[in-house]
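Sequence lines set the chain letters: A, B, ... in the order given, protein chains first and strands last, and positions in each chain run from 1.
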2 protein chains.
Amino acid sequence: MPFHPACHSYEPVTIADRLFLDLRRAILEGELPAGKKISEPELASIYGVSRGSLREAISKLENCNLVTRRPNIGARIVNFSIDQLMEIYQIREAMEGMAARLAAKNMTEPELSHLKTLVARHKDSMANLERPAKNDYSQDADLDFHFCIIQGSKNQRLLTMLCQDLYDLVRFYRMRLSPAFSSTAMQEHELIVQALERRDGEMAELLMRYHVRASRDRAKQRLEAMTPEELGNH
Amino acid sequence: MPFHPACHSYEPVTIADRLFLDLRRAILEGELPAGKKISEPELASIYGVSRGSLREAISKLENCNLVTRRPNIGARIVNFSIDQLMEIYQIREAMEGMAARLAAKNMTEPELSHLKTLVARHKDSMANLERPAKNDYSQDADLDFHFCIIQGSKNQRLLTMLCQDLYDLVRFYRMRLSPAFSSTAMQEHELIVQALERRDGEMAELLMRYHVRASRDRAKQRLEAMTPEELGNH
DNA sequence: ACAGATAGGATTGTCGACAATTTTATCTTG
DNA sequence: CAAGATAAAATTGTCGACAATCCTATCTGT
């Protein structure tokens, strides 16, 4: 499964839940194109469920900010916009900076060593591949890194806000960008881990904020280098 | 209407929307007590709507984090917990700090003068009342202040995340606290406005973070002074 | 008496049908 | 031909009924 389950790693016990996970995957993978209107009768017949269950699933997608709904008009898959992506990076800078500060204080030793092995593995996979394959797991490894620190903050609401409300959008946008593979980002990760090991919250926050800011700039550069066709294609 | 409409100031065009606003008000005012289980048949008959519409409204309440749902079991009004409130303050520190930084850059002049009059009015109402009445608008004025700055950040997603996902919870908890009325907070507001006028984003962020942190400490102190009965009462 | 099994009642999940609204296609008029 | 009104078609919102699941009270055996 190519998607980091994150907070949505529960067993889908109900039809609407299963449907939600299916649709979420379809949206993130681009099966359902960005900006497309969702036709309730059409999708319901495709998935072989009633419109009621479908509407419940759409509600959940709305929570993840993957679709927007307007009364009496319908639901649309969110649209790709560079400005919105930049907005998200600004929010991530603030929230993940705080997460890093808290993680420096609250992370357990096992969590820390898990994070270290994670970064080491990522480093290895970078060294072994000159140019990474398109489906290498460097992207997921990056998300794992951030997820790990957020979890280490021990702030439950921070975790759910980031994972439920923001990270699906991050995945949505990332899927539509050419794959990033920055050794600079790798080094930034290592610096953050060192600060966490020293339990230096102030420094961890500063480094995380710098890292998110730098990632935003790198994404912006890549986006501006892409042709309009590449942008619309996804 | 005693509730700051914030992002929910749209015209309720559908039954589920109207119901959502009604229930939201009922929860915030304490009509529906914290932690209580929501009985779908009961509420549906009380409000004279079908269970389907009610379920849609409950979904929206879940988005605002005012109720939690578990499959095949049901929905409950969120419960009051001091730790959760502290978590929220930590998130607010990060997000509103960023909002202040951005507002220093992006706020328009009309927005700035509106903010100034708002603070001035608040200051007057404080000078005229030795001890504020329980239903004075100092609490709403405080939220107005924060809302104004978030809006001035011109980061649309930051606005919706704070207003939709967090501020209803802030109101929920605030309703259940003895009214806060701090001249210290007032002075902190003034300092922030001055930084915004100077367009000093760095300073605005620092001051806002200090302000939220101090508010958190004041809330904690008040909470620890309250008796268990006062806490459970609401 | 108490722990676990069991049946009854109540609650939630799911569905199909109908009503209200929006969208589309057609027709009229300048 | 274009612009606006009008009717038909499609889509969304709402409802009540049935199925599946959970909760509760009773029963049984040790």
Side-chain angles (χ1 to χ4, degrees), chain A residues 8-27 31-79 164, chain B residues 8-27 31-79 164:
Chain A
H8 297 297
S9 63
Y10 57 89
E11 202 65 26
V13 55
T14 186
I15 290 183
D17 279 343
R18 162 78 58 186
L19 202 56
F20 162 68
L21 289 177
D22 283 355
L23 289 174
R24 173 170 171 269
R25 187 200 49 74
I27 293 173
E31 254 171 62
L32 293 170
K36 183 181 179 183
K37 179 164 185 316
I38 291 180
S39 165
E40 291 185 5
E42 188 187 335
L43 266 191
S45 84
I46 288 178
Y47 284 88
V49 298
S50 84
R51 264 185 61 223
S53 300
L54 176 66
R55 282 166 68 84
E56 191 127 345
I58 292 177
S59 259
K60 290 173 191 291
L61 290 172
E62 203 184 0
N63 293 22
C64 300
N65 297 309
L66 289 179
V67 312
T68 56
R69 271 179 100 179
R70 284 192 310 173
N72 282 317
I73 290 182
R76 297 192 96 86
I77 317 280
V78 291
N79 218 330
Q164 279 188 8
Chain B
H8 296 297
S9 64
Y10 59 90
E11 203 64 27
V13 56
T14 186
I15 290 181
D17 279 342
R18 161 78 60 185
L19 201 56
F20 161 67
L21 290 177
D22 283 355
L23 289 174
R24 174 171 170 267
R25 186 199 50 73
I27 292 173
E31 255 172 61
L32 293 170
K36 181 180 182 182
K37 178 163 186 315
I38 292 181
S39 164
E40 292 186 3
E42 187 186 336
L43 265 192
S45 84
I46 288 178
Y47 283 88
V49 298
S50 85
R51 262 185 61 223
S53 300
L54 176 66
R55 282 168 68 84
E56 189 127 345
I58 292 177
S59 258
K60 291 172 191 290
L61 290 171
E62 204 183 0
N63 293 21
C64 300
N65 297 307
L66 289 178
V67 312
T68 57
R69 271 179 99 178
R70 282 193 313 173
N72 282 317
I73 292 183
R76 296 193 97 86
I77 316 281
V78 292
N79 218 332
Q164 279 188 8

Would you mind reporting whether A:R24 and A:L66 have side-chain heavy atoms less than 4.5 Å apart? yes

Can you check each nucleotide of nucleotides 10-25 of chain C against protein heavy atoms at under 4.0 Å and return B for base, S for sugar-phosphate only, - for none, in 5' to 3' order? -SBBBB-----SSS--

Could you walk me through whether A:R76 and A:R70 satisfy the side-chain contact (heavy atoms from CB on, under 4.5 Å) test, starting with their C-alpha distance in whole Å, then the side-chain angles of each, then the deciding distance to 0.1 Å, before giving a yes or no? CA-CA 9 Å; A:R76 297 192 96 86; A:R70 284 192 310 173; over 6 Å; no

Hey, are the side chains of A:I38 and A:L43 touching, using non-hydrogen atoms and a 4.5 Å cut-off? yes

Side-chain touch B:L54/B:Y47, heavy atoms, less than 4.5 angstrom: no

Across all chains, not counting sequence neighbours, the salt bridge (charged side-chain N to carboxylate O under 4.0 Å, His left out) partners of B:R18 are none

